[in-house]
Amino acid sequence: MRKKVNHILNIIMGCFIGLFIGSGLYKYWHFLKYPGLYAMQSAPWYTSILINGLFTLLLLTVCMIIKVILIEKVPLMKKIALILGIIFSFLTFTGGGYVIIYHGQVNAGYAVMPGLWAIICFSYYRSVKHD
């Protein structure tokens with residue numbers, strides 16, 4: 001049963017990634033073909049791509065957490081460290097996107113601090129031996 005759920009989650013994650021890439025390419029093509037439509041907007045043309053990317057990243061994070069929970073022969077503390085590492089990685093990419101959107105005018109700590117915690121969690125996960 002766990003193998004089937006894992007396989008289904010892999011398919012769902014692949015679909016989310018493909019959907020994001022396809023919609024991003026379409027939005028870019030549409031911008032190149034009709035730049036006048038985007039000149040009227042107050043937000044940059046790539047804003048919807050960033051929002052779709054954040055939504056995709058959130059869904060991939062949820063799927064990865066479900067996959068970690070389904071791992072059988074791993075102790076609870078290692079699972080918790082792996083889940084926290086995944087969450088902090090999500091926060092790192094989100095913070096990095098936030099800094100990029102504001103052209104570096106905001107504190108880079110929004111990306112750096114969760115990144116450090118992700119490194120700590122992943123290194124703990126790798127260092128602990130299990131039976």
Task: Ile100 side, atom CD1; Leu50 side, atom CG - distance, nearest 0.5 Å - done: 8.5 Å

Open item on the list: Can you give me the closest heavy-atom contact between Ser23 and Asn52, atom names plus distance?
Closed with: OG-ND2, 3.9 Å

Open item on the list: Tell me whether Phe55 shares a hydrophobic cluster with Leu60, the cluster being built from Ile, Leu, Val, Met, Phe, Trp, Tyr side chains joined at under 4.5 Å.
Closed with: yes

Task: Residue pairs passing the side chain to side chain donor-acceptor pair (under 3.5 Å) test where at least one lies in residues 86-108, sequence neighbours excluded - done: none

TODO: Indicate, with yes or no, if Ile119 and Phe90 share a hydrophobic cluster defined by side-chain heavy-atom contacts under 4.5 Å among Ile, Leu, Val, Met, Phe, Trp and Tyr.
DONE: no

Open item on the list: Count I, L, V, M, F, W, Y as connected when their side-chain heavy atoms are under 4.5 Å apart, and connections chain through other members. Are Leu54 and Ile17 then in the same cluster?
Closed with: yes

Task: Spatial distance of atom OG1 (Thr47) from atom NZ (Lys27) [nearest 0.5 Å] - done: 9.5 Å

Task: Heavy-atom pair of closest approach, residues Cys121 and Ala81 - done: CB-O, 3.4 Å

- [ ] Verify the cluster assignment for Tyr124 and Ile120: are they in a single hydrophobic cluster under the rule of side-chain heavy atoms below 4.5 Å apart?
- [x] yes

TODO: Can you see which heavy atom on Phe93 is nearest to which on Leu57, and at what distance?
DONE: CB-CD2, 3.5 Å

Task: Ile65 and its side chain to side chain contact (heavy atoms under 4.5 Å, CB included) partner, picked from Thr61, Val68, Val62 - done: Thr61

- [ ] Starting at CG of Leu76, measure out to CD1 of Ile83 and round the result to the nearest 0.5 Å.
- [x] 8.5 Å

- [ ] Check Phe88 against Pro114 and note the closest heavy-atom contact, atom names and distance.
- [x] CB-O, 3.4 Å

Open item on the list: So which atom in Val99 and which in Ala108 form the shortest heavy-atom distance, rounded to 0.1 Å?
Closed with: CG2-CA, 4.0 Å

Task: Residue pairs, two or more places apart or on separate chains, that pass salt bridge (Lys or Arg N to Asp or Glu O under 4.0 Å) and touch residues 61-72 - done: Arg2-Glu72

Open item on the list: Quick one: does any side-chain atom of Lys79 pair with a main-chain N or O of Ile71 as donor and acceptor, under 3.5 Å?
Closed with: yes

Task: Tyr110 atom OH: more than 12 heavy-atom contacts under 6.0 Å - done: no

- [ ] Mind listing the closest non-hydrogen atom pair of Ile49 and Phe20 along with its distance?
- [x] O-CE1, 3.5 Å

Open item on the list: If hydrophobic clusters are built from ILVMFWY residues whose side chains come within less than 4.5 Å, do Ile101 and Tyr46 share one?
Closed with: yes

Task: Distance (rounded to the nearest 0.5 Å) between Leu84 CG and Phe122 CZ - done: 9.5 Å

TODO: Please determine which of Tyr34, Tyr38, Tyr28, Trp29 meets the ring pair (Phe, Tyr, Trp, His ring centres under 6.0 Å) test together with Trp45.
DONE: Tyr28

